[in-house]
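Counting starts at 1 for both ligands and their atoms, following the listed order. The first residue in the sequence is number 1, and the count goes up from there. The shown structure was predicted, so the numbers you read here are calculated from the model rather than taken from an experiment.
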Amino acid sequence: MAIRQIRIDGDPILRKKSKEVKKITPSIVTLLDDMKETMDLEDGVGLAAPQVGSLRRIFIVDVGEGVTEFINPEIMEKDGEQVGPEGCLSVPGEAGIVSRANYVKVKALDRDGNEFIIEAEELMARAILHEYDHLEGVLFIDKMEEIEEFDQED
Ligand code: ZN
């Protein structure tokens, strides 16, 4: 496994649409392993492949209950609303208030190519929708309603 460099806002790759994974090759498995290692090092709750420079429809999420890997994810249902703070490893030093659905149902493939469906609420739903946006070239700052001020005195 290896740490991959996180692309920062302003890098054009973050604004491109990611492509479907046609085949789960050993390099896709390595990418998943590297993404996990990179996310853990950076203490993130999610990471999408374009954030490490790979335009593939892959993201991982870990809200404290272990890592879930999503390959070719599809949002099947969304419901409700949650309004809360959000940040992103690709937008360091910034946080803002973003409105998201409170519930999502997602279909994706795991690394063995098996399809699974997951229903998520609250933080997990927020993380999934944030990471999914990365695959479409969208960043949370595009949807931010207000900037959350950092306490500068620390
Ligand atoms: Zn992000």
Side-chain angles (χ1 to χ4, degrees), residues 1-21 28-111 116 118-151:
M1 292 206 285
I3 301 294
R4 300 212 185 187
Q5 195 193 340
I6 295 195
R7 303 300 182 97
I8 302 299
D9 183 28
D11 188 321
I13 204 162
L14 291 173
R15 293 305 187 173
K16 291 186 176 151
K17 205 174 149 150
S18 291
K19 293 185 182 71
E20 196 186 333
V21 176
I28 294 288
V29 172
T30 302
L31 173 65
L32 285 162
D33 289 341
D34 289 353
M35 284 172 64
K36 181 183 182 304
E37 198 176 347
T38 306
M39 180 178 73
D40 286 350
L41 179 81
E42 302 287 343
D43 216 13
V45 298
L47 191 67
Q51 289 184 275
V52 292
S54 175
L55 285 171
R56 295 189 174 104
R57 298 189 79 78
I58 292 174
F59 63 76
I60 62 173
V61 166
D62 184 356
V63 295
E65 292 154 15
V67 177
T68 309
E69 300 172 338
F70 298 80
I71 299 168
N72 298 340
E74 280 176 53
I75 309 278
M76 301 169 75
E77 272 179 62
K78 283 198 266 190
D79 197 21
E81 191 193 18
Q82 57 174 319
V83 177
E86 218 165 279
C88 179
L89 295 175
S90 293
V91 191
E94 248 187 272
I97 304 299
V98 182
S99 169
R100 300 276 187 193
N102 195 50
Y103 162 88
V104 283
K105 187 174 181 181
V106 189
K107 183 169 79 173
L109 300 178
D110 67 17
R111 64 166 64 202
F116 66 95
I118 194 168
E119 290 181 282
E121 290 183 305
E122 298 174 8
L123 181 59
M124 182 71 169
R126 176 178 293 283
I128 287 170
L129 291 166
H130 175 115
E131 299 313 327
Y132 186 85
D133 275 354
H134 276 298
L135 308 184
E136 299 294 314
V138 173
L139 298 177
F140 84 96
I141 43 176
D142 307 343
K143 298 186 164 178
M144 188 163 78
E145 290 166 13
E146 56 184 278
I147 293 170
E148 196 182 46
E149 295 295 337
F150 278 98
D151 189 345

TODO: Using 2.8 Å as the cut-off, note every protein N, O or S atom close to the Zn ion (ligand 1).
DONE: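 As for protein N, O or S atoms lying under 2.8 Å from the Zn ion (ligand 1), they are C88 SG, H130 NE2, H134 NE2.
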Open item on the list: Here's one to test your reading of the geometry: is the NZ or CZ of R57 within 45 degrees of the ring axis of F70 and under 6.0 Å from its centre?
Closed with: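 No, cation not above the ring by the 6.0 Å, 45° rule.
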TODO: Assess whether salt bridge (Lys or Arg N to Asp or Glu O under 4.0 Å) is satisfied between R100 and E122, documenting all intermediate values.
DONE: CA-CA 9 Å; R100 300 276 187 193; E122 298 174 8; over 6 Å; no
TODO: Output the distance between atom OH (Y103) and atom CG (L129), rounded to the nearest 0.5 Å.
DONE: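 With rounding to 0.5 Å, OH (Y103) is 12.0 Å from CG (L129).
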Open item on the list: Measuring only between side-chain heavy atoms, which start at C-beta, is V61 closer than 4.5 Å to H130?
Closed with: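 Not in contact.
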Task: Main-chain N/O of A48 paired to E131 side chain as donor or acceptor, under 3.5 Å - done: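 Yes, the answer is positive, given that a donor and an acceptor are paired below the 3.5 Å cut-off.
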- [ ] With sequence neighbours left out, write down each residue that passes side-chain contact (heavy atoms from CB on, under 4.5 Å) with K19, or none if nothing qualifies.
- [x]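 Applying side-chain contact (heavy atoms from CB on, under 4.5 Å) to K19 gives none.
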